[in-house]
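Here is the structure we will look at, set down as structure tokens.
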Amino acid sequence: MVVSAHPEASRIGLEILRKGGNAYDAAVATGFALAVAFPVAGNIGGGGFLVYRKQDGEVGALDYREKAPKAASRDMYLDAQGNVIADASTLGHLAVGVPGAVDGMVAIHQKLGSLRWAQVIQPAIDLARKGVVLTEREASMLNGAKESFLKANKFIPNVVRDTPWQKGDVLPMPELARTLERIRDKGRVGFYEGETADLLVKEMKRGGGIISHQDLKEYQSVWRPVVTGTYRGYKVISMPPPSSGGIALLQLLQMVEPFDLGKWGWQQANTVHVMTEAQRRVYADRATYLGDPDFVQVPMASLLNPAYLKNRMVTFDMGKATPSTQVGAGQLVAKESDQTTHYSIVDQWGNAASITTTLNGGYGSKVVVEGAGFILNNEMDDFSAKPGVPNMFGLIGGEANAIAPGKRMLSSMTPTILEKDGKLFMVVGTPGGSTIITSVFQAILNVVDHGMSMQQAVAAPRFHHQWLPDRIEPEPAAISSQVRESLQKKGHTLQNRSNYGAVDGILKGKDGKWEGGADPRGDDTALGY
Ligand code: DON
């Protein structure tokens, strides 16, 4: 089964499974297909994370997160007065981190794949040659980004045209097809050296970017040990730093475990209250302690220590919200941006892949590499440009996540796998910036505590709290007016936000069959055989 953000990508992944490929062959094929069919987030110019569990129980994680270029520096987004320069880390060439996606796909295939490399990449090339038929949602996203594309590029890229895009239009991608062919024929060299690298570095020079040939050539993805914990008897396997996701998720689960959420009921006042109070404490930790483990020491064991987590909840009051000012400090406003993409795959043997990949914002930096046809990320914004100043997700950070040459920016991406009784139980993840962690958290609670199916769990309306700003942000349908009132009585502030995230998961159903859950908030599609 393949669940991804785009019907074409799910179809391509499924085709590979049907041909006898394993989950990792399908993961690579789906990854490249998303770069073509879902350019808002699918990519070769970005990065991501894989969490895998093989049929024999072996688990691991691949970090193919972008890195700061060598010429990057701590204050590169500050003006002479020390203020953050608007848009510098989000739009245009300077916002781009050294892409990790292609090295990631190569590493996944080498270690875990079984089909030939050319075989898993070819379907994406064919799709790029044919052109992608736009869904209504994609047409509107492209139209919405037109001005930014024109601002970020000195030429008119294929994603822009005079008349608005409409559902059913075909987006031609001949240059991307050629870039993918170079990757097909030469592997990582087809991207990090030679013609593609030349085009990328030329693009950088044209727009004042700083990625060099050496940055590209030296980029390496890293296999890392997963972080694991338990929740009500389930084993939870997730992404370690440089993502904050796995640690934060395990902290959240441990902090709410003593409470009988299932009995209290889904989205009832006490349930939401406890979850919120855990969330505010966890995001305060995130801002202080988490960063690239190759550069800063992340106190992982302490953060996951049961005594520490119990102690964090000592100030928890069942009747009253703890103001975030008493948990930490800072002031900020969250802005919305909604594009990254998650896909979940399980093959006939029970091998599982959980992958979240991103350009960061929708269409990343909006920079399209002229002649190479792919979009570059704006992942540099995931660093803390200045202590205490929020990034585009309203997240603040400090020293641990300051910019340094070659360092990876902190992420919230949380590709996750659950086991029950030593067997694969669930594969799950989502986009959504800072809301990724709380969305995965809720998808797990929806299944484990509230008995939902995978489809119900991904579709159920969600809420979010990230310490600062100090407010619960529910989707409009997430919390009833009665529950809102009782939360306000406890001292919570609530402010609706529009629907967010796109949780795609696979669950072992009660009948022993795999059930796919595709988030109805997007064009997400579950396909299996
Ligand atoms: O790594 C991260 O946490 C962010 N770059 C993810 C961005 C994201 O999810 C965008 N939107 N949905």
Side-chain angles (χ1 to χ4, degrees), residues 4-5 34 38-43 45-51 61-68 89-90 95-101 104 137 141 144-145 238-249 282-283 286-287 290-292 334-343 355-366 375-385 390-397 401 407-416 429-441 462 464 466 473 475 497-504 519 521-524:
S4 86
L34 284 165
F38 194 61
V40 68
N43 65 81
F49 300 126
L50 156 81
V51 170
L62 183 69
D63 163 7
Y64 53 100
R65 181 72 161 167
E66 300 91 329
K67 285 178 144 195
S89 67
T90 56
V96 185
V98 183
R137 191 175 272 112
M141 289 190 295
S238 195
M239 191 66 210
S243 183
S244 61
I247 289 183
L249 175 66
V282 165
Y283 278 82
R286 179 192 191 281
L290 294 177
D292 182 352
K335 236 181 23 180
E336 298 221 3
S337 164
D338 221 39
Q339 287 310 334
T340 286
T341 191
H342 177 84
Y343 55 108
I355 291 189
T356 314
T357 176
T358 190
L359 291 166
N360 196 22
Y363 308 105
S365 65
K366 315 289 193 298
I375 299 173
L376 290 165
N377 68 82
N378 58 351
E379 219 74 61
M380 291 295 283
D381 190 65
D382 273 350
F383 279 118
S384 171
N391 73 358
M392 71 160 136
F393 300 110
L395 291 167
I396 57 173
N401 191 32
K407 185 174 175 184
R408 288 172 155 95
M409 53 297 279
L410 185 62
S411 173
S412 301
M413 295 190 285
T414 315
T416 297
T430 185
S434 57
T435 65
I436 290 174
I437 299 163
T438 55
S439 295
V440 171
F441 176 51
R462 304 183 265 266
H464 177 68
Q466 62 177 43
E473 299 179 353
E475 290 182 333
R497 62 186 290 161
S498 47
N499 289 355
Y500 60 89
V503 183
D504 284 349
D519 200 315
R521 292 164 185 78
D523 298 321
D524 302 50

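Whatever order the structure lists ligands and atoms in, that order sets their numbers, starting from 1. Heavy-atom basis, side chains included; hydrogens, waters and symmetry copies ignored.
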request  = Kindly state whether the ring of Phe49 and the ring of His342 have centres lying under 6.0 angstrom apart.
outcome  = no
Taking only non-hydrogen atoms of Ile436 and a 4.0 Å limit, the atoms of ligand 1 in range are 9 (O)
query = Within less than 4.0 angstrom of ligand 1, does Met409 place any heavy atom?
reply = no
No-hydrogen, no-angle side-chain donor-acceptor test under 3.5 Å, Thr435 and His464 = no
Contact region, Arg65 to ligand 1, non-hydrogen atoms below 4.0 Å, reads side chain
Quiz item: Below 3.5 angstrom, do we get any N/O pair linking Thr358 and ligand 1?
Solution: no
Practice item. Classify the side-chain pair Thr430/Asp504 by whether it contains a donor and acceptor separated by less than 3.5 Å. Key: no
Looking at Asp523 and Arg137, is any side-chain nitrogen of the basic one under 4.0 Å from a carboxylate oxygen of the acidic one?
yes
Review point. Looking only at side chains, do Ser89 and Asp381 share a donor and an acceptor under 3.5 Å apart?
Key: yes
**Asked** Think Arg462 forms a cation-pi with Tyr500, using NZ or CZ under 6.0 Å from the six-ring centre and within 45 degrees of its axis?
**Response** yes
TODO: May I ask you to decide whether Arg65 forms a salt bridge with Glu379, counting only side-chain N to carboxylate O separations under 4.0 Å?
DONE: yes
If we number the atoms of ligand 1 from 1 as shown, the ones under 4.0 Å from a heavy atom of Gln339 are 8 (C), 10 (C), 11 (N), 12 (N)
Against ligand 1, does Tyr500 come closer than 4.0 Å with any heavy atom? no
Margin query: Counting only nitrogen or oxygen atoms and a 3.5 angstrom limit, does Gly432 reach ligand 1?
Written below: yes
Contact region, Asn360 to ligand 1, non-hydrogen atoms below 4.0 Å, reads both
Next on the checklist: Any nitrogen or oxygen of Phe393 lying under 3.5 Å from a nitrogen or oxygen in ligand 1? Just yes or no.
Outcome noted: no
Per-atom filter on ligand 1: closer than 4.0 angstrom to a heavy atom of Ser412 are 1 (O), 2 (C), 3 (O)
